[in-house]
Amino acid sequence: MKTYIVGNWKLNFTVGEASIYLHKLLKAIPNYRDTEVVVAPSLIALQPLSLQVDRHKMKLAAQNGFYRDYGAFTGEVSFSQLRGIVDYAIVGHSERRYILREDDKMIAKKVAAAIRNKIKPILCIGETEGERAFGETKDVIRDQLLGGLSEIGDDMVDKVIIAYEPVWAISSGKEAKLAAPDEISEVVKLIRKVLTDTYGKKVAENVPVLFGGSVNPSNAGAYLTVPGVNGLLVGGASLILSEFTDIIETAKRVRA
Ligand code: 13P
């Protein structure tokens with residue numbers, strides 16, 4: 001399986017800044033065969049960047065998309081409109097769950113819409129600090145995982161990437177803490193167990209599981225060596241070219 005390094009730019013960079021960053025990133029990285037580098041710029045930058053990107057080197061992801069293909073949905077952009085522009089889409093990020101009130105039902109429809117439009121969804125799941133403190137991590141992970149996959153057929157599950165992002169470890173969180181490799185390992189094992197029990201071993205083995213939450217060049221190596229982790233979803237550090245390229249090089253080194 002490839003190693004995925006995905007940069008989530010969130011609400012940062014103008015279109016011009018995004019284009020300059022992409023230009024520098026393309027110059028800075030060689031063509032890594034086993035490492036899939038992906039960046040998720042703002043929606044408005046996706047179309048111009050899709051003309052600029054070298055898809056042999058890296059791919060683009062949307063940070064969101066709407067679950068209906070067309071119709072009276074003011075302000076939304078559908079996965080059918082994103083088709084051909086992006087290869088991936090982040091779905092169910094905690095900032096959309098908690099700030100924009102997306103629930104598992106809506107997220108499940110988005111996962112299905114992305115797949116229907118040949119876009120690989122990166123389904124984000126993760127518990128809050130309070131849920132962890134109350135011992136609810138297992139239930140939350142199980143509910144968000146199976147809830148998010150509930151609108152697609154069992155034969156489509158291995159078209160999805162899962163990103164485990166504990167909300168308490170995301171650096172924009174008020175008091176973000178670093179997740180310990182042991183804590184990540186435990187949840188990644190649980191994700192694979194739920195996938196195995198529900199969809200079978202073969203499917204579970206083929207679903208990449210990424211980790212995200214305050215990933216930076218100094219912890220990327222440790223996170224990438226957590227058993228069962230197939231890549232990283234990087235927020236803040238992906239906005240700084242030298243840090244992001246450092247993380248990409250770490251992925252290459254860890255694999256070698
Ligand atoms: P940080 O890397 O800034 O903690 O963000 C993580 C994240 O939310 C990526 O989707």
State whether the side chain of [X] and the backbone N or O of [Y] hold a donor-acceptor pair below 3.5 Å, judged by distance alone.
X	Y	answer
Lys120	Asp87	no
Thr245	Leu241	yes
Gln81	Ser78	yes

Check salt bridge (charged side-chain N to carboxylate O under 4.0 Å, His left out) between [X] and all other residues, then give those that pass, not counting sequence neighbours.
X	value
Arg116	Asp69
Glu205	Lys201
Asp197	Lys193
Glu183	Arg132

Hydrophobic cluster (4.5 angstrom, side-chain heavy atoms) - remaining members for Met1: none
Under 3.5 Å side-chain donor-acceptor pair for His93 and Gln63: no
Distance-only side-chain donor-acceptor flag, Gln144 / Tyr164, under 3.5 Å: no
Partners meeting side-chain contact (heavy atoms from CB on, under 4.5 Å) with [X] (sequence neighbours left out):
X	result
Asn219	Leu178, Val215, Asn216, Tyr223
Leu239	Trp9, Asn12, Phe13
Asp154	Tyr199
Arg83	Asn117, Lys118

Can you see which heavy atom on [X] is nearest to which on [Y], and at what distance?
X	Y	answer
Pro227	Val188	O-CG1, 4.0 Å
Tyr21	Ser238	OH-O, 2.5 Å
Gly7	Phe244	N-CZ, 3.7 Å

Is any side-chain heavy atom of [X] closer than 4.5 Å to a side-chain heavy atom of [Y]?
X	Y	result
Glu165	Ile170	yes
Ile107	Glu102	yes
Ile161	Val207	no
Arg142	Leu146	yes
Ile20	His23	no
Val38	Glu36	yes
Cys124	Val91	no
Asn64	Arg96	yes

For Tyr67, side-chain hydrogen bond (donor to acceptor under 3.5 Å, both in side chains) partners two or more places apart: none
Sidechain N-carboxylate O distance under 4.0 Å for [X], [Y]:
X	Y	result
Glu151	Lys109	no
Glu76	Arg68	no
Asp104	Arg97	yes

Shared hydrophobic cluster for [X] and [Y] (ILVMFWY, side-chain gaps under 4.5 Å):
X	Y	result
Ile191	Leu149	yes
Leu25	Val6	no
Ile141	Val226	yes
Phe66	Ile152	no

Calculate, to the nearest 0.5 Å, the distance between atoms [atom1] and [atom2] belonging to [X] and [Y] respectively.
X	Y	atom1	atom2	answer
Lys202	Thr196	NZ	OG1	13.5 Å
Ile162	Leu195	CD1	CG	6.0 Å
Ile90	Ile122	CD1	CD1	5.5 Å
Ser80	Ile119	OG	CD1	8.5 Å

Whether Tyr4 and Tyr88 hold their rings parallel, tilted or perpendicular, with breakpoints at 30° and 60°: perpendicular
Given Val39, Ile247, Leu210, the one that forms side-chain contact (heavy atoms from CB on, under 4.5 Å) with Ile5: Ile247
Take atom [atom1] in [X]; do more than 12 heavy atoms of anything else shown fall under 6.0 Å from it?
X	atom1	value
Lys138	NZ	no
Lys252	NZ	no
Glu186	CD	no
Tyr98	OH	yes

Taking only distance into account, with no hydrogens and no angle test, what donor-acceptor pairs under 3.5 Å do side-chain atoms of residues 41-61 form with protein atoms, sequence neighbours excluded?
unit_1: Ser50; atom_1: OG; unit_2: Gln47; atom_2: O; d: 2.6
unit_1: Gln52; atom_1: OE1; unit_2: Ser19; atom_2: OG; d: 2.9
unit_1: Gln52; atom_1: NE2; unit_2: Ser19; atom_2: O; d: 2.9
unit_1: Asp54; atom_1: OD1; unit_2: His56; atom_2: N; d: 2.9
unit_1: Arg55; atom_1: NH2; unit_2: Gly84; atom_2: O; d: 2.7
unit_1: Arg55; atom_1: NH2; unit_2: Ile85; atom_2: O; d: 3.2
unit_1: Lys57; atom_1: NZ; unit_2: Leu26; atom_2: O; d: 2.6
unit_1: Lys57; atom_1: NZ; unit_2: Ile29; atom_2: O; d: 3.0
unit_1: Lys59; atom_1: NZ; unit_2: Arg55; atom_2: O; d: 3.2

Check against side chain to side chain donor-acceptor pair (under 3.5 Å), Tyr32 and Glu249: CA-CA 10 Å; Tyr32 290 129; Glu249 276 156 27; 4.5 Å; no
With a cut-off of 3.5 Å and sequence neighbours excluded, list every side-chain donor-acceptor pair involving residues 228-236.
unit_1: Asn230; atom_1: OD1; unit_2: Arg192; atom_2: NH2; d: 2.7
unit_1: Asn230; atom_1: OD1; unit_2: Val209; atom_2: N; d: 2.9

